[in-house]
Number of protein chains: 2
Amino acid sequence: MARTSQTQLAVLGALSIEPMTGYRLRAEIVQTLGHFWRESFGQVYPALSTLEEAGLVERERGDERATGRSGNVFRLTAAGRERLRELLAEPFQPPTPRDPLLLRLFFGHHVDPALVRTWLTEALVGAERACERYDELRAEIEREPDFATRGVFRLLTVSAGRHAARARADWAREALELLEAAGGGRGPRADRDR
Amino acid sequence: MARTSQTQLAVLGALSIEPMTGYRLRAEIVQTLGHFWRESFGQVYPALSTLEEAGLVERERGDERATGRSGNVFRLTAAGRERLRELLAEPFQPPTPRDPLLLRLFFGHHVDPALVRTWLTEALVGAERACERYDELRAEIEREPDFATRGVFRLLTVSAGRHAARARADWAREALELLEAAGGGRGPRADRDR
DNA sequence: TCGACCATGTAACACGTTACATGATTGA
DNA sequence: TCAATCATGTAACGTGTTACATGGTCGA
């Protein structure tokens, strides 16, 4: 139940900014919420139908003939806006994430040290790049006209990403240094423990 | 395919440390990998059966009568150990996580500023507590006997959690200050935009 | 006219959680 | 003897991804 509403929350939220087609909705989610959220077409379209049945969004057909036209524009109804506020007010708990890098790293003694270094280097580079993108994003947002209303909150989500990326980069660098110091750094040496 | 192997990887990895029952396996995953991984019983038992059929793990019955005995102990076979190395060597890509707090925060202008402050305060407190737990964990690991082999890698995963928690706490504090400064800090004031 | 992109939807499948049914062992 | 904990497994459900089928529009 808490889970079901997550997609609805994202969809209602996105439509609260502007009415759009399902296709564009998905694109906006990728573009704007992309660094902390994701939805696939397979979720967006069914969600829109469900929300329509519940009277939370309205479909405006661009044209009436056959299937495959210039797109249905969905807009929030008053009930939908109310529902959005309700969902936002509901309690939520962050799920323990699954981090594939850490899972592998935990069993790092089973693999070639060079591979472990590759993992960490990739993580480092990725995190550094993410940092830069967040800085650019921040600059963009500060230039935007609607800064006073939504801008602050958007900025906060970017800042969260920035902090996380910075931390990840720092960690990866430290980890590389620590492995170097621990002496596992020289040459491939797969273990034969136990 | 990449996904299916994730659970197998976790199970094989855990069994590479020590043979155990499904129940204990799950408990170890919660305890030891808990800050970056999770598996439910509903996944662990089927995974064990699958792995057994594939000859990657062996089941040792504690006792032969009826169902519900003192438990089946599973141990890695040679093939299982090989498979673990294979899985570890396979490429992987970290999925975009879904952060329910950031999703809500992004639409924060729709809700009472006091609620937003609650969200951030909870995030701050939670992250600070996590930091402390990570520090304790580090101390524990450094005292352990098998530090030389697995210890380093375990330490790295703890350090990753520590960095992430620290970053989250810093971010939450900054966010609270920023909202305070932005003047949204005084009294409930739900928006009536658009 | 052709490819890129906009657009809609579904079906199959993979992944994961929760709840339930069942029973043994152990220590208070 | 009673509760807690160890232990096994499944069934139902919900969530989420991928691939496919289909067609419109628009600019090169």
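The chains referred to below are lettered A, B, ... by the order of the sequence lines, with proteins before strands, and numbering in each begins at 1.
Here the C1' atom of nucleotide D/dG9 and the CZ atom of B/Arg59 are 10 Å apart, to the nearest Å. Here the P atom of nucleotide C/dG9 and the CG atom of A/Leu51 are 13 Å apart, to the nearest Å. At whole-Å resolution of the value, CE in B/Met20 and P in D/dA7 are 11 Å apart. The interatomic distance linking B/Leu25 (CG) with D/dC6 (P) rounds to 14 Å, in whole Å. We find that CG of B/Leu9 is positioned 13 Å from P of C/dC15, with the value rounded to whole Å. Here the P atom of nucleotide C/dT17 and the CD atom of A/Gln93 are 12 Å apart, to the nearest Å. Across the protein-nucleic acid pair, B/Gln31 atom CD and D/dT5 atom P stand 14 Å apart, rounded to whole Å. In this entry the distance linking CZ of A/Phe41 with C1' of D/dA21 reads 15 Å, nearest Å.
Using a 4.0 Å heavy-atom criterion, one finds that A/Gly42 contacts the bases of the nucleic acid, with or without backbone contacts as well.
Summarising the geometry, atom CD belonging to A/Gln31 is positioned 9.5 Å from atom CZ belonging to A/Arg24; distances are rounded to the nearest 0.5 Å.
Heavy-atom nearest nucleotides on DNA chain D were determined for A/Gln43 and for B/Thr21, and the one closer to the 5' end corresponds to B/Thr21. If you find the closest nucleotide of DNA chain D to B/Pro46 and to B/Arg98, the one lying nearer the 5' end belongs to B/Pro46.
Considering only side-chain atoms of A/Tyr45, the nucleotide from C/dT17, C/dG9, D/dT17 that sits closest is C/dG9. Comparing D/dG9, D/dT18, C/dG16 by their closest approach to the side chain of A/Ser40 singles out D/dT18.
When the side chain to side chain donor-acceptor pair (under 3.5 Å) test is applied to A/Glu122, no partner is found at least two apart in sequence or on another chain. B/Arg129 pairs by the side-chain contact (heavy atoms from CB on, under 4.5 Å) definition with B/Val125, not counting sequence neighbours.
At the phosphate of D/dA7, neither OP1 nor OP2 sits under 4.0 Å from any side-chain N or O atom of B/Arg61. Note on B/Tyr23: a side-chain N or O is less than 4.0 Å away from OP1 or OP2 of D/dC6. Within the 4.0 Å cut-off from OP1 or OP2 of C/dA7, not a single side-chain nitrogen or oxygen of A/Arg26 is found.
The pair B/Arg98-A/Glu39 counts as a salt bridge, with a side-chain nitrogen and a carboxylate oxygen less than 4.0 angstrom apart.
Counting all heavy atoms, side chain and backbone alike, B/Ile17 lies closest to A/Phe106 at CD1-CE2, 4.1 Å.
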